[in-house]
Amino acid sequence: MPTRPFTLGRSRPLSGDPGAAGARPFELPAHHLVTHGVVVGMTGSGKTGLVMVLVEEALRSGVPVLMVDVKGDLPNLLFTFPELSAAEFEPWIDPSAAARDGRSTADVAEGLAARWRDGLASSGLGSGDVAALRARMAPRLLTPGTTAGEPVHVLSALEAPSPLWDEDEEAAREALSASLSLLLRLVGRDPDPARSREHVLLAHLAERRLRARRAAGLEELLADLADPPIAAVGALGVDEFFAPKERQALARELNTLLASPTFATWRKGAPLDVAAWLAPQAGSGGGKTPAVIVSVAHLDDDERLLVLGLLFDQLLSWVRGLPGTSDLRALVVFDEVFGFLPPHPANPPTKRPLLALLKQARAFGVGVVLATQNPMDLDYKALSNAGAWFVGRLQTDADRERVVEGLSGADGGAGGVGAAALSATLKALPPRTFFVRDVHMQPPSFLAETRFSLSWLRGPVTRREIGRLVRSISPPPPPAPAPDPTRATPRPTRDSLDPGSKQPDPRADSLDVRSKQPDPRADSLDARSKQPDPRADSLDARSKQPDPRADSLDPRLAPPAPKRASPGPSSPAQRAAVGPGGTVVLDPRHAPPAPQPARRSGAARAEAGARAPTPPPAAAAPPPPPEGWRSLYAHAPAAAPEGFRYIPWVAASVIAHLRDTKLGVALNRSQLLAAPLLPDGRPDLSRVARLDASLLATAPAAGARFAELPAPLAKRATAQAAARALREHAYRTTEAAVAVHKELGLAQDDGEPLEAFAARCRAAAARLAAAEQQQVVGRFAPRIARLGERIAVAKARYGEAEAEVAALPGAVGAALLGLVAGRDTARRAGTQRDKAAAKLERARQEWTEADAALRDLHAAQAAELAALEQLPLRAGEGIETKRLVPKKNDVEVAFVALAWAATLAGPA
C-alpha cells in the first residue's frame, strides 16, 4: 500500500497572496523523496524546523528514518510531550537562562507550553497527534565514541566477519578500509588507504582473516604484526615493505590503544548494522517505526569524517542488498552537511558513499535529504539531480547564485521563474517559508510555509542531556519476582565483582549496577542501582533510590507517591545520612540492625550447606596498597565486625584547572573519584562515584575482614593505568558553566551568585559609561569652542556691516543727494550702500550657519551621552554562559588510594 502523503504545512503560488486566502495544504507525496531532497537556508530561516517536520511525517507514515546529527539539534525529536503541559517542559529549561531573564523555570515552561499548544492548533494539530507520534516511533540515540547515549561498536567490521565478502566484495573492502583508517587516526598514523604503508599492511592481514570467516580484531592483528602469515606485500617481501622494527613500533602503539580505557568505548555497544537499526520493531499496537539518531556532535572533525564514512559505507551496502521499489522504504536525513560533501577536488571519507547513495539509492526506495546553511560548500554536480529542493532565505548574492544555478541544472530552468526574480524571492523569504521546487509536481515551483513541529525545537542538546534522553526512551527493567514467603533467604556468601553478570547469585554481595535482582541485604556501592538497600554503604552522592522512569518525558510514567512502610528486609525505611557536599554515607548511628538469617530445620540447613559454594578467603588485615597509594575506609555497617568485610575500590583525588585566558577565568575543581576494581585491576568507569574525603576514615574497623586485591594490581604499570583512567574520566566529565560579559571583559567569580555578577556588570558598565561620557565631552569640546569663536566673529562682522549700512543715505537721501551734488555722486553713494547691504547679509548668513552648526553639535553630543546612560541598564543583556572544560594537561592527580567499601558478608 502506498505511503500516505507528508503534510508539511501550507503552500501558495509564487505570485499568490501571502495571506490565508491564497494558501492551501501542502502535501508532499512520500515517493517524491525517493529522488532525494535538498534543504538550504541561512540561520534563522527555519531549515532545522523543516527537517524535523519531514522526519515527523515519515515516522507518522511508518517510514523508518536514519538521522545524522552533527550540531546536536536532531535529538529534539525526543522532546515529544503528549500532554503539552508546563510540567513536561520544565525539567528541560535552563535555570541560568531563565534567571538572566528574571523569570522562573515554571514561568518559562508555561509560556513554552502555551506557545506550542497555540502553534500546533494553528496547524490543525494537538496533543493527540503528539501522543500518537510518540507511541508510533521506536527511537534510538546512538553516540559513537562515548557512553553518553547508546554506544556503537564502530570497529565491528573488523571483529565480526561479514557476508559481504561473498555478496559485495567492493563494499566489504570499503568498510574494512574505513575501519582501519579510523584505527590509524586514533594512534596518530597516516590513515590514507592508498599511501599509508601501515594501512596497506593491516588491510592485507585483516582481509586474509575476514575472508576465512575469522575475526580481525586488534588482538589478532597484533599477533599477525609480530609474526606475519604472508610472505610478501605487492612485489616486496614483508620485511622489505615494512621492517620488523617498524612493525614492532606500530604494534606497541596499537597495544597502547587497546589497553586505553578511552578506546574501550569505541569497541562496545550496538554493532554498526544499519539493517538491524532500521528493522521495524514489535509494539503493543503493531509494528513501531525506527527513528535512529546517530549523534557525532561530541567528536572532533577528523573523527566525525571517519565514523560517518564507516556509517555511509554500511548504509550503502544495506541499500544495495534491497529489492527495487518505487515507494519510499526508508529516509536518510543529514542535517548540516557542510564539509562532508564538498566540491571537487576535496574528497573526505564521506563524499564517495554519499555520492553513491544519491545516484543509486533511489532505485531501492531509500531517500536522502541533505540540509545545509551554505550551498557554496556542496558538490552541486552531485546534487543537481535532486528531485525536491526546499530553499529558505539566503542573504549573500553568491549563495543565491549557486542555488539558482543548481535549480537550473536540475530541470533546465527553475519552473518558468527567471533567475533575477528567483534571486529576489530567495532574498525576501520570511522565516519558515521556503521556495519549493519539486520536479514531480505541477506547477513545479511554489512557496510553502512549514507547519508547527510536534517536537519541541529546543536547540542543541548537551552530552549530559543525551544521557537523560536515552534513559527516558530505554525500556524499564523487568520487575523482580516477589519473594516466596515459604522459603528462607540464604545468607550471602560471596561478592560479585563481575559487571557483566546477568544472573547474580542471590547469596552474593552484588556491586553490579546491571544486577537485575539485587540481594536485599547487599551493600550497594553503585549510584545507579535500581533497588538500593537501606543498609547499604553508598559511596555515591547520587544514590537517591532512582526510579527507572524518573527521566521519562511522559508525565504519566511518573512514579507514584511513596507509601509509608514499616522497616523490613525489602523496605527502605531509613535513609543514609547526607554529609557535606551532598555525599551519602552510611552512619552507624542511624543504620538499621544487621539482618538475621531465617530459622530453618536441620535438613534445610544441611541441604543449603551442601549447595552453598565455598566463600572466597578474606584476610583479617588490610592488604598493603600499591606503591605510592594510601588507604581510605568507608563507614562500616551496623553489624559485628565478623558480619562484614571491605571490598577494594580505587580512588583518586583529582584537581582540574579550568581556564580561559581571553576572559581571564581560572577555576579549580577538586574531587575525589572512586570506582570498583575489576578482576584485571582496571577501574569500572561505568560506575564512578564522587566521594567526600572528610567522611572517610583512615583506619578500618577492628575485626573486619578484607577481600583480596586483584592480582594484576601488584604490577606498577596496572596501578598507574588505574590512576590514569580516573584522571582521564575527570578530564572527560569535568566542566563548569561561567557567566561572562565579553564586551565588559568580566567573568563570574567562583561561587559568585548570578545576581551579584549582574550587579557587578552594571557597576562596571556605569563606570565605563562615565569614562566614555568624559571622552565624548572632551571630543566635542574643541569643535564647540571653534564654533563659538566663529559665531563671535560673524556677530562682530554683522555689527560692523549694520553700522556701515546705517551711516549711508537711504533711497530718499540718495535722490536728494543727486539733486544737490549731481548724478555721479548719487550713483557712487548707491553703490556703497549696495556693498554694505551685501556685507551685512553675508555676516548674517555666517552667524546663522554657525549658530545652527553649534545647535547640531550640542544635539549630537547629547545623543551620545544619553546612549551611554543606557549602558548600565542594558548590561544584563550582554551576559552569556561560557562552558569551560579542562585541557588534558590541566588535570592533575593529588593522590591515589584504595577506598575500602564495607559490605555485608557471611561469617568466615
Side-chain angles (χ1 to χ4, degrees), residues 28-40 51 54 58 63-68 164 167-178 193-194 274-275 278 294 305-306 308-372 375-391 402-403 405-412 437-440 444:
L28 180 72
H31 67 273
H32 287 196
L33 289 179
V34 171
T35 53
H36 315 309
V38 179
V39 182
V40 295
V51 170
L54 282 170
V63 177
V65 181
L66 174 63
M67 292 159 275
V68 177
L164 285 176
E167 302 168 4
D168 191 342
E169 182 178 303
E170 181 182 354
R173 186 173 284 120
E174 288 167 353
L176 171 62
S177 175
V274 176
L278 298 182
V294 180
L305 289 171
L306 292 170
L308 293 183
L310 274 173
L311 172 64
F312 292 137
D313 276 323
Q314 290 286 336
L315 178 62
L316 184 60
S317 301
W318 172 69
V319 166
R320 288 171 172 168
L322 297 172
T325 181
S326 59
D327 200 7
L328 184 63
R329 173 183 276 121
L331 187 65
V332 179
V333 175
F334 192 167
D335 193 14
E336 301 299 343
V337 73
F338 162 68
F340 299 94
L341 189 62
H344 180 79
N347 189 31
T350 52
K351 185 174 182 179
R352 181 198 51 77
L354 272 176
L355 290 177
L357 283 170
L358 292 169
K359 294 178 181 178
Q360 302 174 16
R362 66 181 62 190
F364 305 96
V366 177
V368 180
V369 174
L370 304 176
T372 185
M376 291 289 291
D377 297 302
L378 294 182
D379 190 325
Y380 265 69
K381 291 183 180 179
L383 299 180
S384 61
N385 58 355
W389 285 68
F390 305 87
V391 185
R402 199 67 180 272
V403 168
E405 175 188 349
L407 291 173
S408 300
D411 63 346
R437 173 69 179 135
D438 187 348
V439 297
H440 305 286

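Bear in mind the structure is a predicted one, so any value in this text is a computation, not a measurement.
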Within this structure, what is the CG-CG distance for the pair Leu354 and Leu378, rounded to the nearest 0.5 Å?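 That separation rounds to 10.5 Å.
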
Nearest-0.5 Å distance that lies between atom CG in Leu278 and atom CG in Leu66: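 If we round to the nearest 0.5 Å, Leu278:CG and Leu66:CG are 5.5 Å apart.
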
Is there a side-chain contact between [X] and [Y] (heavy atoms, below 4.5 Å)?
| X | Y | result |
| --- | --- | --- |
| Val68 | Phe312 | yes |
| Lys351 | Leu341 | yes |
| Val366 | Leu357 | no |
| Leu310 | Asp313 | no |
| Val38 | Thr372 | no |
| Pro323 | Arg329 | yes |

For His36 and Ala386, indicate whether the former's side chain and the latter's backbone hold a donor-acceptor pair under 3.5 Å.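 Between the backbone of Ala386 and the side chain of His36 there is no qualifying donor-acceptor contact (under 3.5 Å).
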
Would you check if the side chain of Thr350 reaches a backbone N or O of Phe340 as a donor-acceptor pair within less than 3.5 Å?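 Such a contact is found between Thr350 side chain and Phe340 backbone.
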
To check you understand the geometry: which heavy-atom pair defines the closest contact between [X] and [Y], and what is its length?
| X | Y | value |
| --- | --- | --- |
| Val34 | Gly365 | CG1-CA, 4.3 Å |
| Leu331 | Leu54 | CD2-O, 4.4 Å |
| Ala346 | Pro342 | CB-CG, 3.5 Å |
| Val65 | Ala58 | CG2-CB, 3.7 Å |
| Ala330 | Val63 | CA-CG1, 3.8 Å |
| Asp335 | Ala371 | OD1-CB, 3.4 Å |

The criterion is side-chain contact (heavy atoms from CB on, under 4.5 Å); which residues satisfy it with Ala275, sequence neighbours excluded?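 Checked Ala275 against side-chain contact (heavy atoms from CB on, under 4.5 Å); matches are Asp273, Trp318.
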
For Ala356, all residues meeting side-chain contact (heavy atoms from CB on, under 4.5 Å), sequence neighbours excluded: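 Listed in chain order: Leu316, Arg320, Gln360.
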
Residues two or more places apart in sequence or in another chain: which of them pass side chain to side chain donor-acceptor pair (under 3.5 Å) with Thr35?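 Partners of Thr35 under the side chain to side chain donor-acceptor pair (under 3.5 Å) test: His440.
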
Within the supplied structure, the quantity of interest is the number of heavy atoms (other residues, nucleotides, ligands) at a distance under 6.0 Å from Phe338 CZ; does it exceed 12?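 Result for CZ/Phe338: open.
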
